[in-house]
Amino acid sequence: QGRLVESGGGSVHAGESLRLSCKNSGYYYYCMAWFRQSPGKEREGVAAIDGAGITTYADSVKGRFTISRDNTNNTLYLQMNTLEPEDTARYYCAAADRDVAFCRDAASVSSWGRGTQVTVSS
């Protein structure tokens, strides 16, 4: 099973950018994804990418967030631009051996990281 460790979270102002990283030190998963969860809300699949580089995004982040992966170094990234206060959440790295169409579904996830906090102030 993969061990996923996130980094790169922090506190920024609206309009600024952050890049999250997730190092996978174990099993190679075909699909990897970023989820986020804020208090009182369900965990949301933000973006996913498969081994061929095909990506999917939640409508709320399209055009602002970019997911990528470095298969050589087993690292997943999430570039977040033009951040908004509504993006404030704990962001989790996730992995699954599923088609990318299902990879933003929490029920499909095989391995989770512990998360990294992103806080965006207005």
Give a yes or no on whether the backbone of [Y] and the side-chain of [X] come within a donor-acceptor separation of less than 3.5 Å.
{"X": "Thr75", "Y": "Asn73", "answer": "yes"}
{"X": "Ser108", "Y": "Phe102", "answer": "yes"}
{"X": "Thr116", "Y": "Gly9", "answer": "yes"}
{"X": "Arg3", "Y": "Gly26", "answer": "no"}
{"X": "Gln37", "Y": "Arg90", "answer": "no"}

Side chains of Asn71 and Tyr28: closer than 4.5 Å at any heavy-atom pair?
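Touching, per the 4.5 Å side-chain cut-off.
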
Phe35/Trp112 aromatic ring centres below 6.0 Å
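Yes, the ring of Phe35 comes within the 6.0 Å limit of the ring of Trp112, centre to centre.
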
Heavy-atom pair with the smallest gap, counting every atom of Leu76 and Ile49:
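Taking every non-hydrogen atom into account, CD1-CG2, 3.6 Å.
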
For Gly45 against Ala58, the heavy-atom pair lying closest together
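Looking at all heavy atoms of both residues, the shortest contact is O-CB, 3.6 Å.
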
What is the distance from atom [atom1] of [X] to atom [atom2] of [Y], rounded to the nearest 0.5 Å?
{"X": "Arg69", "Y": "Ser21", "atom1": "CZ", "atom2": "OG", "answer": "14.0 Å"}
{"X": "Glu86", "Y": "Ser38", "atom1": "CD", "atom2": "OG", "answer": "10.0 Å"}
{"X": "Tyr77", "Y": "Met32", "atom1": "OH", "atom2": "CE", "answer": "11.0 Å"}

Output a table of donor-acceptor pairs, distance under 3.5 Å, between side-chain atoms of residues 12-20 and any protein atom two or more places apart or on a different chain; print 'none' if there are none.
from: Glu16; atom 1: OE1; to: His13; atom 2: N; distance (Å): 3.0
from: Ser17; atom 1: OG; to: Asn81; atom 2: OD1; distance (Å): 3.0

Just grab all the side chain to side chain donor-acceptor pair (under 3.5 Å) pairs involving residues 45-63, residues at least two apart or on different chains.
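Listed once each, the pairs are Tyr30-Asp50, Arg36-Ser60, Glu44-Ser60, Thr56-Arg104, Asp59-Lys62.
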
